[in-house]
Amino acid sequence: MEIGNIKIVVCKDYEAVSKKSAEIFAAQLKSNPKSVVCFATGSSPVGMYKEMIAKYKAGEVDFSEITALNLDEYYPIKKSNEQSYDYFMRDNLFNHINLDFSKQFILNGESADYEKECRDYDNLIHSYGEIDFQILGIGINGHIGFNEPCESLSAETHMVSLAQSTIDANARFFSSADEVPKHALTMGIGPIIKSKKALLIACGENKAETLYNAFMKNITTNMPGSFLQLHRDVTAVIDEAAFSCIKKNMK
Ligand code: GLP
């Protein structure tokens with residue numbers, strides 16, 4: 001089904017969402033083995049990453065020619081910290097596939113000069129032109145990457161202060177909310193919206209109202225996910241619980 005520009009695929013549960021998302025990702029790699037892929041962290045894509053590892057082990061997908069970017073990273077954080085997104089990506093996907101690490105890039109949460117880090121990352125993205133395949137989750141408050149709800153959004157890579165609701169939501173990965181970094185570096189909204197194809201994964205009742213607000217209400221910087229309404233080719237793969245609020249409000 002489609003809501004405006006957004007294609008929505010509703011699956012029964014997280015497992016089905018992960019399988020469907022992996023099918024879409026695998027099809028992308030088949031049609032363009034040299035894809036520039038921008039990866040996301042969080043719980044939402046983990047199941048898809050597991051499926052992709054299985055596909056790789058079965059000889060069904062090849063990552064050797066892709067370029068791997070990532071949306072965001074806490075700041076400051078050490079790469080060796082198990083909660084860093086650098087560690088997350090290696091642990092959940094990169095260490096288990098045939099990725100060429102010379103073409104793998106993630107914002108450096110250890111950088112002393114975050115402004116330079118952000119500019120360098122933008123230059124890197126621009127050197128590839130557009131992202132071929134953008135993987136996304138969405139925060140309960142509507143953030144994509146770490147582009148938090150705000151009066152204005154930056155198109156470019158920048159440092160953000162994390163919203164208290166994000167710190168609380170991500171505290172589950174740390175030993176306490178106090179351990180969650182208060183800042184992050186994130187790709188801006190520009191390359192996300194300009195990507196050639198985007199795949200948004202969302203599951204669970206707690207994302208239902210977020211998706212309704214992002215997809216069915218007006219575009220606003222207070223709901224960064226709503227900018228996906230402007231995307232040329234976005235597919236949201238969501239479970240029935242996450243779909244419930246959209247379903248209730250469909251005519
Ligand atoms: C995190 C990440 C986002 C992610 C979102 C949702 O904080 N920075 O990139 O999409 O929050 O996370 P989850 O999939 O765990 O709900």
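Nothing here was measured: the structure is a model prediction, and the numbers come from that model. Counting convention: from 1, in listed order, for ligands and their atoms alike. When a residue number appears, it is its place in the shown sequence, counting from 1. Any value given below was found using the heavy atoms of this structure, including those in side chains, with hydrogens, waters and symmetry copies removed.
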* Asked: Quick one: do Glu65 and Lys34 make a salt bridge, cutoff under 4.0 Å?
  ->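 Result for this pair is yes, salt bridge flagged.
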
* Lys247, NZ: over 12 other non-hydrogen atoms inside 6.0 angstrom ->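 No, NZ of Lys247 has 12 or fewer neighbouring heavy atoms, counting only those of other groups under 6.0 Å.
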
* Main-chain N/O of Phe146 paired to Asp72 side chain as donor or acceptor, under 3.5 Å ->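 Yes.
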
Taking distance alone, no hydrogens or angles, what donor-acceptor pairs closer than 3.5 Å link side-chain atoms of residues 133-142 to residues at least two apart or in another chain?
| residue | atom | partner | partner atom | Å |
| --- | --- | --- | --- | --- |
| Asn141 | OD1 | His143 | N | 3.0 |
| Asn141 | OD1 | His143 | ND1 | 3.2 |
| Asn141 | ND2 | Glu148 | OE1 | 2.9 |
| Asn141 | ND2 | Ser165 | OG | 3.4 |
| Asn141 | ND2 | Thr166 | OG1 | 3.4 |

List the atom pairs, donor and acceptor, that lie under 3.5 Å between side-chain atoms in residues 233-242 and the rest of the protein, sequence neighbours left out.
| residue | atom | partner | partner atom | Å |
| --- | --- | --- | --- | --- |
| Asp233 | OD1 | Lys7 | NZ | 3.0 |
| Asp233 | OD2 | Lys197 | NZ | 3.2 |
| Asp239 | OD1 | Gly204 | N | 3.0 |
| Asp239 | OD1 | Ala241 | N | 3.4 |
| Asp239 | OD1 | Ala242 | N | 2.9 |
| Asp239 | OD2 | Gly204 | N | 3.2 |

What side-chain donor-acceptor pairs closer than 3.5 Å can you find for residues 36-59, not counting sequence neighbours?
| residue | atom | partner | partner atom | Å |
| --- | --- | --- | --- | --- |
| Ser43 | OG | Arg172 | NH2 | 2.7 |
| Tyr49 | OH | Ala40 | N | 3.2 |
| Tyr49 | OH | Ala40 | O | 2.7 |

* To do: Identify, chain by chain and in numerical order, each protein residue with a heavy atom under 4.0 Å from an atom of ligand 1.
  => Thr41, Gly42, Ser43, Ser44, Asp72, Tyr85, Gly137, Ile138, His143, Gly145, Phe146, Asn170, Arg172, Lys207

